[in-house]
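The block underneath contains the structure these notes are about, expressed in structure tokens.
Both counts, for ligands and for their atoms, begin at 1 and track the order of listing. Reckoned from all heavy atoms, side chains included, excluding hydrogens, waters and symmetry mates.
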Amino acid sequence: MKSYDIAVIGGDGTGPEVTREALKVCEAAGKKFGFKLNWHPYDFGGDRYLKTGEVLPDGAVEELRKFKAIYLGAVGHPQVKPGILEKGILLRLRFELQQYINLRPVRLYRAEDCPLKDKGPEHIDFIVVRENNEGLYAGAGGFQYKGTPQEVAIQESVNTRFGVERCLKYAFDLAQKRRNGKAWKGLKPEDTAAGKTAQLTLCGKTNVLTFAFDLWWRAFNELSPKYPTVKTDYAHVDATCMWFVKNPEWFDVIVTDNMFGDIITDLAAMIQGGLGVAAGGNINPEGTSMFEPMGGSAPKYTGQNVINPIAAINAGAMMLDFLGEAEAGAAIENAAIKIINTKIKSLAAGKMGHGTREVGDLVAAAL
Ligand code: IPM
Ligand code: MN
């Protein structure tokens, strides 16, 4: 039987609770589809930091590098100053493991979970490819005259040709293969006639960020001829936000930089039903990838069995897909859709009509 070794960082707050449900559902999928999952737990997070003063111990990154996948529950602890755990665990792993893609599918499963008027599952089904190693997240910049009235704070966006191009390539490849050869239904007749089957939208700010997005724009247009079936499209980031609300059906695959990707995917999560269902993968296609629900540690719900584990379960599905168990990944997502549509009152924490554990059980049983 095939088996996979996976590092598990439950992390802070509700992270461990939702992780438990995700692992439970992945294991049930393994039983059904004939593979075994060997979990390797790590206690990284706020509690360990408060006890030891250490965010990631020496050698942790090298140890994690041996795994093909890491499952991460959440980081963020109310007693730890913001930034320490986020930078010291999440961003450090994203960077050092060269997880250069942050992949965030946005799919609405049930019309009533969407705050937009007259929008249903047929309108909201796109995916955001967020650059995950550069941009404003690179940590470039500094202070001058800190703490004085003359203080200067500079935060620079780093965009390398190499980093931008590998991200764009990933997005083009994904657009090409994502619907298994079936055409995206948002295409116009003239696009279809021209042989297009998918659309890739570059989300940027070419009118103001005339260095960074000039590079993105040139690289995007230089790659485009290699992907004749992918229609290229461009939207400024502010307009992207407007269209997420007004016409989300205009999007198939979106590619963008790290900061814009962070922002638009929170908005996207809201139109797909909230952080209770939104999941993401930090992908290094050749190395160690890390999968996480987008919701964060939600400290106020910790230990109450009220948090929605579906985002975490979806992250598990993405992980299995990444490991090559596409059938199992799809089966988990379909089971979650079925349970949402038949058993879940609301996707919000405490309002599901079931507890966290029970939702995990329901999804596992629906596989
Ligand atoms: C996310 C989060 C992180 C980010 C934070 C916790 C550092 O908001 O995964 O989107 O900004 O990338
Ligand atoms: Mn974010």
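- Numbered from 1 in the order shown, with element, the atoms of ligand 1 that lie under 4.0 Å from a heavy atom of Arg94 read 1 (C), 4 (C), 9 (O), 12 (O).
- In summary, the aromatic rings of Phe213 and Tyr234 are positioned with their centroids too far apart to meet the 6.0 Å limit.
- Between Arg104 and Gln272, the side chains place no donor N or O within less than 3.5 Å of an acceptor N or O (distance only, hydrogens not considered).
- Hydrophobic clustering (ILVMFWY, side-chain heavy atoms < 4.5 Å, transitive): Leu267 and Phe126 are in one cluster.
- Nearest non-hydrogen protein atom to atom 1 (C) of ligand 1 is Arg104 NH2, 3.3 Å.
- The closest approach between a heavy atom of Lys87 and any atom of ligand 1 is not below 4.0 Å.
- With 2.8 Å as the limit, Asp262 counts as an N, O or S neighbour of the Mn ion (ligand 2).
- Below 30°, between 30° and 60°, or above 60°: for Phe35 and Tyr4 the angle between ring planes is above 60°, a perpendicular geometry.
- Atom numbering of ligand 1 starts at 1 in the shown order; those under 4.0 Å from a heavy atom of Glu86 are 6 (C), 7 (C).
- Between Tyr137 and Phe95, the ring center distance fails the sub-6.0 Å criterion.
- Scanning the protein heavy atoms around atom 5 (C) of ligand 1, the nearest turns out to be Leu90 CD2, 4.2 Å.
- In this structure, a donor-acceptor pair under 3.5 Å is absent between the side chains of Trp250 and Gln199.
- Close contacts between ligand 1 and Tyr137 involve ligand atoms 4 (C), 11 (O), 12 (O) [criterion: under 4.0 Å to a heavy atom].
- For atom 10 (O) of ligand 1, the closest non-hydrogen atom of the protein is Asp262 OD1, 2.9 Å.
- Only the side chain of Arg130 comes within 4.0 Å of ligand 1, counting heavy atoms alone; its backbone N, CA, C and O stay farther away.
- The aromatic rings of Phe322 and Phe291 sit tilted relative to each other, their planes meeting at an angle between 30° and 60°.
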